[in-house]
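Structure, as structure tokens:
Per chain, numbering begins at 1; letters A, B, ... match sequence-line order. It should be emphasised that the depicted structure is a prediction, and the values quoted were computed from it without experimental measurement.
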Protein chains: 2
Amino acid sequence: MYTETVRPAPERASDRAYRVLRDEILDGLLPAGTVLLEVEQSARLGVSRTPLRAAVARLVADGLVAGRSGRGFSVTEMSVDSINDLYELREALEERAATLAARGADRSAFRALRERFLAAPALLEAGEHGIHEYYALIDEFDAAIDDAIGNSFLVGALDTVRTHLVRIRRVARGNPVRLRAAAAEHLLILDAIIDGDAALAAHATHVHLHLSRASVLAMLGANEPAS
Amino acid sequence: MYTETVRPAPERASDRAYRVLRDEILDGLLPAGTVLLEVEQSARLGVSRTPLRAAVARLVADGLVAGRSGRGFSVTEMSVDSINDLYELREALEERAATLAARGADRSAFRALRERFLAAPALLEAGEHGIHEYYALIDEFDAAIDDAIGNSFLVGALDTVRTHLVRIRRVARGNPVRLRAAAAEHLLILDAIIDGDAALAAHATHVHLHLSRASVLAMLGANEPAS
DNA sequence: GAATGCGCTTGTGTATACAGAGACCGTGAG
DNA sequence: CTCACGGTCTCTGTATACACAAGCGCATTC
């Protein structure tokens, strides 16, 4: 049969509303503290209140918005404390993920990624478009990790972390020095996974996350010293 | 003012539906594979379809039910593979949590818990009621850990794990030998936290989880050898 | 007798109408 | 001038009505 492999994706209105709101929050179009009124947002997105409520409920489950005491929902804040908390969880999850990936059998995907990361420094010279490409490469790295560990619970927890990480990355964006260093750190993690050195993979991940956190906090302190 | 400390809790219909369905799934009244039809469940729980949909959406976010390809939602299965996956995540989270708790400043709560755990063996002689009390004690232990680490992201991930763990515990229930051993393991973790020995707390947690997983898998293999 | 096509039934997705609760603002008193 | 109280107004929570899509069964035909 020539039928498509998967369902044509029903594309519900609630899915559209969820995706649009999520992207707008992650892109910073809806800054932290923005209140989301049902009637207002449903009119703006061209959907009814019912699917919009479902979308907001999913955002609440993601931790991107929170119900306020009385009226409405608001986009959650990303304080310095919560960034540290997020990195604490991220360390626990990604160190374990790196360990499991290094123990995994199939390393071909990581070998292919290694070649791409070798070209990352040149990519970061190419301006905004190159930086976008670099982040896409990071996403592929994450996807390869997910594929290697094959643990839906761990992948789900990692996905939550990465969602919030997107918001944090906005402040670190446009720091080519840091991104070049991060590419080198990813290469070390990749080498450890390819060599099957689980301990090194975990330690290299820890180092990478430590440096990443320090960079983010430094950028944050430089941008908003008074807060 | 003599006003109550927190809001009187509006107690929405969707909250009731969520709580009832969640408890029924965790208690096994709604076994894995049960299909949830909106009209059917809304009539049974005495709420309309709208709040029921919200409740089901939350259950989907919890991973307790999953949308099926065509029609309806069904309670998720707990396979041996998913149990192993869950314990993998649980190890990563709880070892980190134990480490952070041991580094924490306030250990009075853990000292009080230590006394209670010393009395746990006697509790486990008291039949079904004692076992229930013991699980309540475990919950207080978990709450003390949450309080000590004070990390909403980590606590949230732990909460997800514990939700699924409740379903798994059903098979291990009624194994006093294992529960007595588990109490001793908790005592060791408590001692490590009280002594501020983060490394020992993490290692003791690892050992505890290893033994717990082995016990669960053994019980599962004994109960359903043919599956 | 088997296979295929059509129609009915059923269940989800969405929109809207209605009720209740909380907040904001204005006014009045101290 | 400030604080408290009350009214109004808006926003959420819930129920219901409607449309569409998918699945199942029956009938008809080969």
As a test of reading the structure: which of [options] is closest to the side chain of [X], going by heavy atoms?
X: Pro51(A); options: dA15(C), dT12(C), dC11(D); result: dA15(C)
X: Arg12(A); options: dG13(C), dA15(C), dG11(C); result: dG13(C)
X: Ser48(A); options: dG13(D), dT14(C), dT16(C); result: dT16(C)

Check: Arg49(B) side chain, dG13(C) base, donor-acceptor under 3.5 Å: yes
Contacts table for residues 30-40 of chain A: side-chain donor-acceptor under 3.5 angstrom, sequence neighbours left out:
| unit_1 | atom_1 | unit_2 | atom_2 | d |
| --- | --- | --- | --- | --- |
| Thr34(A) | OG1 | Pro31(A) | O | 2.6 |
| Glu38(A) | OE1 | Arg49(A) | NE | 2.9 |
| Glu38(A) | OE1 | Arg49(A) | NH2 | 2.9 |
| Glu38(A) | OE2 | Arg53(A) | NH1 | 2.4 |

Glu38(B) vs Thr50(A), nearer the 5' end of DNA chain C by closest nucleotide: Glu38(B)
Quickly work out the [X] [atom1] to [N] [atom2] distance and round it to whole Å.
X: Arg53(B); N: dA15(D); atom1: CZ; atom2: C1'; result: 14 Å
X: Asp15(B); N: dT12(D); atom1: CG; atom2: P; result: 16 Å
X: Arg16(B); N: dT14(D); atom1: CZ; atom2: C1'; result: 12 Å

Side-chain N,O (Ser14(B)) to OP1/OP2 (dG13(D)) below 4.0 Å: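 No.
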Determine, for [X] against [Y], whether the closest basic-nitrogen to carboxylate-oxygen distance falls under 4.0 angstrom.
X: Arg162(B); Y: Asp146(B); value: yes
X: Glu91(B); Y: Arg96(B); value: no
X: Arg111(A); Y: Asp106(A); value: no

Sugar-phosphate, base or nothing in reach of Leu52(B), heavy atoms under 4.0 Å: nothing
Parallel, tilted or perpendicular, as decided by the 30° and 60° cut-offs, for the rings of His186(A) and Phe117(A):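 Ring orientation, 0 to 90° scale: parallel.
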Centroid separation His164(A) to Phe153(B) less than 6.0 Å: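 Yes, they do, as the ring centres are separated by less than 6.0 Å.
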Terminal helix-axis angle for the helix from dG1(C)-dC30(D) to dG30(C)-dC1(D), with five pairs defining each axis and rounding to 10 degrees: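 Axis-to-axis angle, ends of the helix: 10°.
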